Amino acid sequence: MEGGKQGCAFPRSKRLLNASDYSRVFEQPDAKASHRFLLLLARHNDADNHRLGLVIAKKNVRLAVGRNRIKRLAREFFRALPAADCTVDVVLLTRRGIDQLDNAEVSTILQQQWQKLSRQFPKPEPDTSRDR
RNA sequence: CGAGUCGGUCAGGCGAUCGCUCCCAACCAUCUCUCGAGCUGGUUGGGGGAGGAAAGUCCGGGCUCCGCAGGGCAGAGUGCCAGGUAACGCCUGGGGGGCGCGAGCCUACGGAAAGUGCAACAGAAAGGAAACCGCCCGGCCACUCCCGAGUGGCCGGGUAAGGGUGAAAAGGUGCGGUAAGAGCGCACCGCGCGGCUGGUAACAGGCGUGGCGAUGGUAAACCCCACUCGGAGCAAGACCAAAUAGGAAUCCGUCAGCUGUGGCCCGCAGUGGAUUCGGGUAGGUCGCUACAGGCAGGUGGUGACACCUGUCGCAGAUGAAUGAUCGUCCUCGACAGAACCCGGCUUAUCGACCGACUCUUUUU
């Protein structure tokens, strides 16, 4: 961890990697943001940064090209987020019809829903203030 | 110039910034030791990074495991001939049939004299068929008259040429023939059978022969014949470390049973078996991309393709990379995303370009 220009990169450590990571979020989410086209679930973690997981069902976005597009947009958005005091594991689920939107519209929705989610974070936790 | 046929190529370009993944090199940190390397993490630099269909998963292989992939039944598939291939249901060439003026295109194209089944409606009759109208002959009765016939009715027979029904009416057309008709006879065509010629063959040509009461259609209906096919799939499968490991108890058995085995039987191989209790893991590495490989040239072949030489290195992710934003140009960008790998088929698709060829009109 050499500091530097970290925060714009999106390495392995910023993703949810296995099934247990996912089920931890699903079982007890601390915050959620629901929208016509997507659903965000979040749970506080002990890592140094946010971690993202994507669940894009074939049922909701039929074409593989479409699923890839949504994933890339989501990663791009989370990559650009600034470092936060309180870090969470986030799972993004998509709903039907999201593949009809263009890139700009999806980015806007992601921005709105992230803000909505951020307000629900358990701010007053004493131990989470990390010094670096 | 216009209309069209066949084959092939490409799949927005350029620049800037910020990212992802793999490989290589250097450096830094950590650990290990046989002190030079190795392991892990990171930084910097360089390089590679979706498709013609990556798709549907419809065929065929390779590869892996099931000991070998053996025999029989069942089941599935293929179906003109020859060749190509690792193999195919693919491709090439050829033959038959159909369509088009033509370049060309389409073709599930074995068997209906082994058996079973099926065919609505109409029609007199529909498969060893059948006289409804009609046509013709004979007999009887009635009527008419030019006394030999005609007309009408009834009865008995002949007739598949004509009408009508139908998807289809039992070879077709023509001439002869006949009471009227009929392969009854003849010619041509079709069909069956037998030689002959050409061809590897499918098949074609021609000769003879049978008058054709016999052989109707349907086999993507059962079926028959010929040929092919063992089963599962990279979550195949192999390894590593940790935790299981390992076990414990009860019962039953010793030419049987069970497992491999996927439908069955035989064969073969392995093994004591069943139940209960307790305890758990579903992390990482390999498989994983270099081959039936691309490109160029040559040789053989009508061609699919084969062989030889040279040259190139061209994605390997694993909660799953190959992108985002901005600028700019143009013809304003379709269908669409690798997951073990190849060969095909099929389906989706904005357009652009190249080559060969055909037809119509005009001009020379």
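This is a predicted model, so every value here is computed, not measured. A note on names: the letters A, B, ... follow the listed sequences, proteins ahead of strands, and every chain is numbered from 1.
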Provide the Watson-Crick or G-U wobble partner of B:rC186, both distances under 3.5 Å; none if there is no partner. B:rG174
Glycosidic class, syn or anti, of B:rA204 using a 90° window around 0: anti
Can you tell me how far P in B:rC288 sits from the matching atom in B:rU34, rounded to whole Å? 37 Å
Pair partner, B:rA324 [Watson-Crick or wobble, under 3.5 Å]: B:rU17
Before you tell me yes or no, could you show the steps for A:F37 and A:L101 under side chain to side chain contact (heavy atoms under 4.5 Å, CB included), namely the whole-Å CA-CA distance, both residues' side-chain angles and the distance that decides it to 0.1 Å? CA-CA 10 Å; A:F37 291 121; A:L101 307 176; 3.6 Å; yes
After noting the C-alpha distance and the side-chain angles of A:T108 and A:L110, does the key distance pass the side chain to side chain contact (heavy atoms under 4.5 Å, CB included) rule? CA-CA 5 Å; A:T108 309; A:L110 277 168; over 6 Å; no
How far, in whole Å, is B:rC68 from B:rC63 if one measures between their P atoms? 14 Å
Check nucleotides 322-328 of chain B for protein N or O atoms closer than 3.5 Å to its own N or O atoms and list the pairs.
from    : atom 1 : to    : atom 2 : distance (Å)
B:rU322 : OP2    : A:R72 : NE     : 2.9
B:rU322 : OP2    : A:R72 : NH2    : 3.1

Any strand: nucleotide that pairs with B:rG104 via Watson-Crick or wobble, under 3.5 Å: B:rC99
Span that lies between the C1' atom of B:rC118 and that of B:rU165, in whole angstrom: 22 Å
Toward the 5' end of RNA chain B, which comes first, A:K71 or A:V65, by nearest nucleotide? A:K71
My understanding is that a pair needs two contacts under 3.5 Å, Watson-Crick or G-U wobble. By that rule, which nucleotide pairs with B:rC196? B:rG205
Decide, for B:rA130, between syn and anti: a glycosidic angle within 90° of 0 counts as syn, anything else as anti. anti
Passes side chain to side chain contact (heavy atoms under 4.5 Å, CB included), A:L38 versus A:V106? Steps please. CA-CA 10 Å; A:L38 53 84; A:V106 174; 5.6 Å; no
When the C1' atoms of B:rA149 and B:rC175 are considered, how many whole Å apart are they? 34 Å
Euclidean distance for C1', B:rU78 against B:rU64 (whole angstrom): 29 Å
Would you mind writing out the side-chain donor-acceptor pairs for residues 70-78 of chain A within the sub-3.5 Å range, not counting sequence neighbours?
from  : atom 1 : to    : atom 2 : distance (Å)
A:E76 : OE2    : A:R79 : NH2    : 2.5

Rounded to the nearest angstrom, tell me the gap between atom CG in A:L52 and atom C1' in B:rG319. 10 Å
Heavy-atom pair of closest approach, residues A:L117 and A:A33: CD1-N, 3.7 Å
Identity of whatever pairs with B:rU34 - Watson-Crick or G-U, under 3.5 angstrom: none
Measure the distance from CG on A:N68 to C1' on B:rG319 and round it to the nearest whole Å. 13 Å
Work out how far the C1' atom of B:rA282 is from that of B:rA25, and round it to whole angstrom. 39 Å
P-based separation of B:rC88 from B:rC227 [nearest Å]: 16 Å
Rounded to whole Å, CD1 of A:I70 lies from C1' of B:rG337 at a distance of 14 Å
Out of A:L40, A:L54, A:V55, which one pairs with A:L93 under the side-chain contact (heavy atoms from CB on, under 4.5 Å) rule? A:V55
Examine distances only and state if a side-chain atom of A:R43 and a backbone atom of A:D30 form a donor-acceptor pair shorter than 3.5 Å. no
Short side-chain to backbone donor-acceptor contact, A:R95 and A:N60, under 3.5 Å: no
What form does the base of B:rC314 take, syn (within 90° of 0) or anti? syn
Any A:L92 side-chain heavy atom under 4.5 Å of A:T94 side chain: yes
Both distances under 3.5 Å, Watson-Crick or G-U wobble: report the partner of B:rG316, or none. none
Separation of B:rC335 atom C1' from A:D99 atom CG, nearest Å, is 16 Å
Anti/syn call for B:rG52, syn if |chi| within 90°: syn
Could you state the atom-to-atom distance from CZ of A:R62 to C1' of B:rG56 in whole Å? 12 Å
Would B:rG279 be called syn or anti here, given the cut-off of 90° from 0? anti
Considering only the P atoms, how many Å lie between B:rG192 and B:rG205, rounded to the nearest integer? 13 Å
Which base sits across from B:rA296 as a Watson-Crick or G-U pair, both distances under 3.5 Å? B:rU309
For B:rU5, which nucleotide in any strand shown is its Watson-Crick or wobble partner with both distances under 3.5 Å? B:rA356
Integer-rounded Å distance: B:rA54 P and A:L63 CG: 17 Å
